[in-house]
Amino acid sequence: MASREVVGFVGLDELSLELASSLIRHGYKVQAFEISESMIHELLKLGGVQCASPNEAGRDVTTLIVLISHVDQINDLIFGTEGVLKDLNKDTIVILNSTILPSLIQNLDKRLTDNTQVAYLVDIYVSRGMSEAFNGKVMVTTSGRSDSIARARPILSAMCEKLYIFEGEVGAASKSKMVSELLEGIHLVASVEAVSLGTKAGIHPWIIYDIISNAAGNSWVFKNLVPQLLKGNTRHHVLNIFVQKLGVILDTAKSLTFPLPLLAATHQQLLLGTSLVYGPDDDITLLKVWEKVHGVNITDAANAEPYSPELLATQVTAESSTVRRVGFIGLGAMGFGMATHLLRSNFCVIGYDVYKPTLTRFANAGGLVGNFPAEVSKDVDVLIIMVTNEAQVESVLYGEFGALSALPSGAAIILSSTVSPGYVSQLEHRLQSEGKNLKLVDAPVSGGVKRASNGTLTIIASGTDEALKSTGLVLEALSEKLYVIKGVCGSGSGVKMVNQLLAGVHIASAAEAMAFGARLGLNTRLLFDFIINSGGTSWMFENRVPHMLDNDYTPYSALDIFVKDLGIVSRESSTHRVPLHISTVAHQLFLSGSAAGWGRQDDAGVVKVYEILTGVKVEGKLSALRKEVVLQSLPPEWPQDPINDIKRLHEKNSKVLVVLDDDPTGTQTVHDIEVLTEWSIESLIDQLTKSPKCFFILTNSRSLSSEKASTLIRDICNNLQSAAKSVANIDYTVVLRGDSTLRGHFPEEADSAVSVLGEMDAWIICPFFLQGGRYTIGDVHYVADSDQLVPAGDTEFAKDAAFGYKSSNLREWVEEKTAGRIPASSVISISIQLLRKGGPDAVCECLCSLQKGSTCIVNAASERDMAVFALGMLQAELRGKSFLCRTAASFVSSRIGIIPQAPILPKDLGVSKERNGGLIVVGSYVPKTTKQVEELKSQCSQILRSVEVSVEKLAMRSNEEREEEISRTVEMADIYIRAHKETLIMTSRELITGKNASDSLEINFKVSSALVEIVKRITTKPRYILAKGGITSSDLATKALGARCAKIVGQALAGVPLWQLGPESRHPGVPYIVFPGNVGDSKALAEVVKSWAHPVRLSSTKELLINAEKGGYAVGAFNVYNLEGVEAVIAAAEEQQSPAILQIHPSALKQGGIPLVACCISAAEQASVPITIHFDHGTSKQDLVEALELGFDSVMEDCPGQKMASTVEDYEARLTDVTQAQKFIDETGVDALAVCIGNVHGNYPASGPNLRFNLLKELHALSMKKGVFLVLHGASGVPMELVKECIKQGVRKFNVNTEVRKAYMDSLSSPKKDLVNVMTSAKEAMKVVIAEKMRLFGSAGKA
């Protein structure tokens, strides 16, 4: 803030004077126009300056605050000849401090902005905090357009101790005031109703006050106004003030067609009160007015001798008799907790409940159980009844097998159900008439299930002295607060009734207020925050409104309970002839909710009555937005590209940008930058000596606990400080690079950095990341999902087990993550409007004006926005400002002026000739990663081999099982990589979390360490390594590969960093792709793998069989032994336009070796039709591994003991068993199964083969169920009709050997001139046979 900045005031009152005083303390100059000499005198004492007119007060000021208490003042103060507009600078911020209607404020805003006389206008409502945290402190509620708020925020923050900002149109501040006044009015009349009913029921008014003010029925109004009311300190004139204010609210609601039944009833009661004041009674107290309204003499009752219910309880328990045996009827949620606590307190308890499983639970807890109330009541000293209502009490005592018949003489009954005082009184008389000296204690409870179980309930008891002393020790054991109420038995229920009256009205009024706030267009979460610090708050408002905001009606206390409890209130009001308008309307609202079917939902669900009627939504949830619509609605980008200016300023600014990256994905937007994985002072000195623009330090702190992360950041900053002292003329700025979806250790890491580096001028929060689809607009952080912008708090990232959060608004997120230490209202915001209209200079001015230690969030929706901010920040740094940045990746590249480059490909790094497969390791669990992996496996099935690692075995099972899983994975990965296959190692996709954040991090550590061990043990050097997920990529680089440094060469895809590992690593120079878990669409991972995989033939054997299944034909697999055979198959396939398989038998491989395989591979790659290479009849694991390493597309293993018959005589014993085949498929996961249905290798008899088609039909059904393909060996010699039938029955691959070999041998029988002629003849002979088979199999024309 500039030290000479001037703020003008037009009009002063008590609160305005406090605003001025606060501004002066913050270093602003204040000048003011005010006609009250006393106010001006106070201002002058503070150091302010007096002005002669409104015009003078607005001259040469940056901000002008205009106090308007009546609409008639507007013309004189603003538009008059001496009004503020006369010499007002257009860029001056105008703040309207007003209590006039929102519509009038909006009209004034339109009048000012339409004439372009005022560019920046906000309105404020100034009040004092009413909560314990802000009691008496100045609060400012403000509203206005985001650009106006951004400009005014420093002034607004300096004026008050609590700031609420409603962005949007002006008038929201006045609207929030209306909502608070609505609640205050309802609470006032409800408080009087409660005291009146309680007094009429014979309860001392001050006892009511003392108990309720510490119970759920409390409100600010009850706590603060009832004492003044009872003392007679409040005059009746307050009624007129309330009538006027509430009348305005009702008029506003009427204009919006919005019903406010509670407020309307309140207004009528207040009008009735005013009508009773006339003539000589003009100066009567407010209490006397209410006595006339309700017909209750509260004054005399309040002046009666008071007593202490708690002291009385202490006296009772001190004189209480021993209790041997307790009966307990009603083991519901509350009752079960109470009964089990009595067991733990060494009471002998026998229990009963109509729900039998509860009795079993109680017996397991150590209690005795009875089968009906009478059995429980036998021989007890005390019987506790904790059932739902009066009807159930009647049934328990007087029904069949009722307790009364079995209760011993002199026993005491504790009735803890919520029932009417009248019922209790009648019950006591009935018990006395039984002639058994039965004693009754009326003892309703409150506090909830947890307190019931802990013995910390609040109990309000009444009864005779004898009854209380008989039960005192039991009541004491169950309670933290025990009150004994003098008077008749039933007085305890009377107090409970009064509490429930207030609690019910407060829930209903909270619903009415929040629904009205939503109709007014207010941010309901922000409105809630405002109300809880204002006079409209109540215990129930603070407890129940969060349920409404979350739209979560899980029943903590069912709505039907208030149908019952307010029904008791209504009945008692009739009995005592006390009219209770407010509680009656509240009762009707709860009845409406119950009638709608919500009775068993949470009582906060009464808000749905308003929502259904009016269509509003109280839920404080930001909605997803259309991305295109939002981005098009923003102002045009700043026209000049700041990148060249950033580069130029870097020459003047010697500060090195040191990025502490909490996982490796932060290098997403830079290139030609180094990253360190260790941070010794020597390494840091070496980096700083090079004077780079930037370097990264990989901390991987997101994988650590909060404590360990904080310690790590402190250690790094200490080393950085020491290293900087050893290098001449060097300075640095620290960036804490964090997740663009707001996960990570904030504010812990920032606090740790500041503890070493010293306080900064500001923390900069900037999670914008274009490549990941992360936008911050209007202070709300969004994650792009297809064409939608989803608030970050509604994404899966916000549900992270270790770093979850609720707030999407970054200001609120800061408050949430700092647990209120940094209030949302104190967080400064750089708006998109400021970036795009004011440019870098406006950013610089804003940053330079911040108070030291501020927190500033940055909005951005494009790379240009980011660059504009980066340039403005650089300018501020050159003016001596210091910042600590918590940002995503985009900020770093903008800050150092990096221009994006095209994705890096293998040829760019000279690795295109490497033949080994790549290694892909997936540890990230976010749903996006799971979708990407599924797409990868779908698109790259022909080049990809997958090994899934069981997370349960790694993290939850024994060490032996863990080791076995690791060894299995290593073995398979080595085989696949050597076989030139892209090898995917992925953790099982079922997310396993711990009981808390710490346990979840421990599970993550076990999984991550196992992946490290797997990669460390893989001996084959991969073509490249791709690590998916931040923690995974960090651990693999540092722990598995031993990298201490790496060069960031660029990106493999937008947002996907590509490193080259340093010379000290296990695989120097190997490309290391760091693929974030939350980046890219579902196809992104597949795109990267395809671009980095070794070029392969376009077809796989499995793909050929899939197409054959779809087309209803079969593919021929032709055994080849030499070049002529290979050429014959290719020539026939191209001529017939048919797919084909070149098949090599182990004997042929033994003779032809690698040259034969290379010949097949080369021919397949150059063929114009799909050709694959298949290894037939492998007999050992070694055979198969070697075949894969040589480059075969597919292999066949002979199942031990299941070789196909080689002669017709053998075939009966060799037929495929369906059950065994199913077991084999399940255990091996094969893609295809060679079956024997009577086919043989070799020649068939003259009668031809005897194929079992019934068996083939069963096998085909099995194959369809299991997703495998059927293969038939021995196709040579099978007649055409049988081949076609086999195809019809599902055979998709025929092995052809004998006929092709015979054609070759026959071609040699006639002499040829030369070897070339021999080769040609053999090739043509074989080609004829092969082409004929292709036509027979139906594959001709299917290429």
Side-chain angles (χ1 to χ4, degrees), residues 89-93 109-110 112-122 144-153 167-170 624-649 669 740 764-784 787-789 791 809-810 828-847 856-876 887-888 890-891 893-895 897-900 1054:
N89 188 311
K90 182 182 176 182
D91 289 333
T92 297
I93 304 159
D109 177 39
K110 189 173 188 302
L112 289 169
T113 53
D114 281 355
N115 295 327
T116 66
Q117 292 172 291
V118 174
Y120 304 104
L121 177 73
V122 300
R145 294 184 303 273
S146 57
D147 56 341
S148 299
I149 291 292
R151 295 272 297 216
R153 190 190 294 269
E167 286 194 7
E169 63 179 5
V170 293
L625 305 174
R626 284 281 305 280
K627 177 180 171 183
E628 182 180 2
V629 172
V630 172
L631 296 182
Q632 287 180 353
S633 70
L634 299 174
E637 292 182 348
W638 182 250
Q640 287 85 38
D641 187 348
I643 293 297
N644 289 331
D645 288 333
I646 290 173
K647 291 180 176 179
R648 177 177 53 80
L649 285 186
T669 59
S740 62
I764 304 297
I765 312 290
C766 182
F768 165 78
F769 177 43
L770 182 67
Q771 292 85 346
R774 320 288 192 251
Y775 301 84
T776 307
I777 301 170
D779 297 342
V780 175
H781 195 53
Y782 294 97
V783 175
D787 63 344
Q788 297 283 305
L789 290 179
N809 184 293
L810 286 185
I828 308 304
S829 169
I830 303 287
S831 68
I832 288 177
Q833 286 75 12
L834 181 71
L835 293 169
R836 297 189 174 191
K837 292 182 178 181
D841 291 345
V843 172
C844 177
E845 290 302 321
C846 182
L847 293 177
C856 177
I857 64 170
V858 181
N859 288 272
S862 71
E863 295 283 15
R864 178 64 59 85
D865 292 338
M866 200 73 271
V868 168
F869 174 77
L871 179 55
M873 178 179 158
L874 266 172
Q875 292 172 352
T887 77
S890 290
F891 169 80
S893 54
S894 295
R895 173 63 174 69
I898 280 187
I899 298 173

Heavy-atom closest pair, residues [X] and [Y]:
{"X": "Ser894", "Y": "Ala867", "value": "OG-N, 3.8 Å"}
{"X": "Phe869", "Y": "Val843", "value": "CD1-CG1, 3.6 Å"}
{"X": "Cys846", "Y": "Leu834", "value": "CB-CD2, 4.3 Å"}
{"X": "Ala152", "Y": "Ile93", "value": "CB-CG2, 3.7 Å"}
{"X": "Ile832", "Y": "Thr776", "value": "CD1-O, 3.7 Å"}
{"X": "Pro767", "Y": "Ala888", "value": "O-CB, 3.5 Å"}

Note, Tyr775 side chain near Val630 side chain (heavy atom, < 4.5 Å):
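No, their side chains stay 4.5 Å or more apart.
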Are any of the side-chain heavy atoms of Ile643 and Lys647 separated by less than 4.5 Å?
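Yes, their side chains come closer than 4.5 Å.
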If I take atom [atom1] from residue [X] and atom [atom2] from residue [Y], how far apart are they, to the nearest 0.5 angstrom?
{"X": "Thr887", "Y": "Phe768", "atom1": "OG1", "atom2": "CZ", "value": "11.5 Å"}
{"X": "Phe769", "Y": "Met866", "atom1": "CZ", "atom2": "CE", "value": "12.5 Å"}
{"X": "Glu863", "Y": "Thr669", "atom1": "CD", "atom2": "OG1", "value": "7.5 Å"}
{"X": "Leu121", "Y": "Arg151", "atom1": "CG", "atom2": "CZ", "value": "13.5 Å"}
{"X": "Leu810", "Y": "Cys856", "atom1": "CG", "atom2": "SG", "value": "11.0 Å"}
{"X": "Cys766", "Y": "Arg895", "atom1": "SG", "atom2": "CZ", "value": "12.5 Å"}

Using the test side-chain contact (heavy atoms from CB on, under 4.5 Å), find all partners of Ile898 that sit at least two apart in sequence or belong to another chain.
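side-chain contact (heavy atoms from CB on, under 4.5 Å) check on Ile898 returns Val670, His671, Ile673, Ser893, Ile896.
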Does Glu637 have any side-chain contact (heavy atoms from CB on, under 4.5 Å) partners at least two apart in sequence or in another chain, and if so, which?
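Checked Glu637 against side-chain contact (heavy atoms from CB on, under 4.5 Å); matches are Arg836, Ser862, Arg864.
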In this structure, which one of Ile646, Val858, Leu847 forms a side-chain contact (heavy atoms from CB on, under 4.5 Å) with Met873?
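The option that passes is Leu847.
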Answer yes or no: is there a donor N or O on one side and an acceptor on the other, between the side chain of Asn859 and the main chain of Ile830, under 3.5 Å?
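Side chain of Asn859 to backbone of Ile830, a donor-acceptor pair under 3.5 Å: yes, one is there.
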Test log, rule side chain to side chain contact (heavy atoms under 4.5 Å, CB included), inputs Lys627 and Gln788
CA-CA 5 Å; Lys627 177 180 171 183; Gln788 297 283 305; over 6 Å; no
Under the side chain to side chain contact (heavy atoms under 4.5 Å, CB included) criterion, do Leu789 and Ile777 qualify, and how do the steps go?
CA-CA 10 Å; Leu789 290 179; Ile777 301 170; 4.2 Å; yes
Between Asp787 and Glu628, does the side chain to side chain contact (heavy atoms under 4.5 Å, CB included) criterion hold? Intermediate values first, please.
CA-CA 7 Å; Asp787 63 344; Glu628 182 180 2; over 6 Å; no
Could you go through the side chain to side chain contact (heavy atoms under 4.5 Å, CB included) check for Leu835 and Trp638 one step at a time?
CA-CA 7 Å; Leu835 293 169; Trp638 182 250; over 6 Å; no
